[in-house]
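Below is one structure, written out as structure tokens, with a few remarks after it.
Just so we're clear, the structure is a prediction, and the values are computed from it rather than from any experiment. The figures here come from the full heavy-atom set of this structure, side chains too, leaving out hydrogens, waters and symmetry mates.
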Amino acid sequence: MLTLASKLKRDDGLKGSRMAATASDSTRRVSVRDKLLVKEVAELEANLPCTCKVHFPDPNKLHCFQLTVTPDEGYYQGGKFQFETEVPDAYNMVDLLNFDDPLNIEAAEHHLRDKEDFRNKVDDYIKRYAR
């Protein structure tokens, strides 16, 4: 992470140079994404709950990271869930999320219809896939 931050500072010093003038639009977008991620990763690490861990396999690529969540309460307690995330070049340039629409409609309806059966299904999935 420090390496990328140092690189971004050096790149800022090159503005107006031949390199900056000939950079493609996609390179500029990546640079904007990386500048945003430097700030947001620092904020993420400062506020990450103890049940979550973030890992950056390459500290020069903040847009590729792994998140491990190990809930200590609720339906998913005892599970270990691993996510690999790659932030797209167009990060913060397009509306990627819709919080009013559940990702898994069937699971949301199942939870509303029968919370106990939903809990049993989650427990079964944790035993099978998240240990």
Side-chain angles (χ1 to χ4, degrees):
M1 199 164 37
L2 294 175
T3 305
L4 180 59
S6 300
K7 179 185 180 304
L8 291 174
K9 286 180 184 177
R10 280 195 314 270
D11 287 350
D12 283 344
L14 293 175
K15 285 184 180 175
S17 73
R18 185 180 63 130
M19 179 186 275
T22 60
S24 69
D25 287 342
S26 65
T27 302
R28 284 188 199 119
R29 272 190 236 119
V30 170
S31 179
V32 168
R33 173 194 63 188
D34 289 346
K35 287 179 183 181
L36 289 169
L37 287 175
V38 166
K39 179 180 178 182
E40 292 176 359
V41 165
E43 184 178 323
L44 170 74
E45 289 178 332
N47 296 305
L48 202 61
C50 63
T51 57
C52 299
K53 291 187 179 6
V54 67
H55 172 68
F56 295 91
D58 182 344
N60 289 311
K61 295 181 179 178
L62 294 183
H63 62 281
C64 297
F65 62 92
Q66 300 161 345
L67 175 69
T68 302
V69 180
T70 52
D72 60 1
E73 62 184 354
Y75 291 128
Y76 300 99
Q77 179 179 7
K80 181 178 181 180
F81 303 91
Q82 298 177 346
F83 304 91
E84 291 192 16
T85 302
E86 185 169 338
V87 179
D89 289 344
Y91 173 66
N92 209 28
M93 304 227 186
V94 295
D95 180 17
L96 299 175
L97 301 173
N98 181 356
F99 292 106
D100 296 326
D101 185 22
L103 182 62
N104 186 332
I105 295 170
E106 183 180 336
E109 289 173 350
H110 185 182
H111 182 262
L112 289 173
R113 186 176 58 252
D114 188 345
K115 287 182 179 32
E116 187 60 33
D117 188 54
F118 181 83
R119 176 184 281 287
N120 291 335
K121 189 171 186 175
V122 168
D123 287 342
D124 181 51
Y125 277 25
I126 287 172
K127 288 174 187 163
R128 286 187 191 181
Y129 308 110
R131 295 234 184 234

Would you say the side chain of Tyr76 lies within less than 4.5 Å of the side chain of Val69, judging by non-hydrogen atoms?
no
Tell me the closest heavy-atom pair linking Glu45 and Phe56, and the distance in Å.
OE2-CE1, 3.7 Å
At what distance, to the nearest 0.5 angstrom, does CD of Glu84 lie from OG1 of Thr68?
9.5 Å
Atom OG1 of Thr51 and atom CD of Glu73: how far apart are they, to the nearest 0.5 Å?
8.5 Å
Under the salt bridge (charged side-chain N to carboxylate O under 4.0 Å, His left out) definition, can you give me all pairs with a residue in residues 108-122, not counting sequence neighbours?
none
Side chains of Phe65 and Val87, heavy atoms from C-beta outward: is any pair under 4.5 Å?
yes
Separation between CG (Leu62) and CG (Leu36), nearest 0.5 Å, reads 11.5 Å
Using 0.5 Å steps for rounding, measure from the SG atom of Cys64 to the CG atom of Leu37.
10.0 Å
Nearest 0.5 Å please: distance from the CD atom of Gln77 over to the CG atom of Asp72.
7.0 Å
Examine Phe81 and Tyr125 and state if one hydrophobic cluster contains both, with Ile, Leu, Val, Met, Phe, Trp and Tyr joined whenever side-chain heavy atoms are less than 4.5 Å apart.
no
If every non-hydrogen atom of Gly79 is compared with every non-hydrogen atom of Ile126, which pair is closest and at what distance?
CA-CG2, 3.5 Å
The criterion is side chain to side chain donor-acceptor pair (under 3.5 Å); which residues satisfy it with Arg131, sequence neighbours excluded?
none
Distance (rounded to the nearest 0.5 Å) between Thr70 OG1 and Lys53 NZ:
6.0 Å
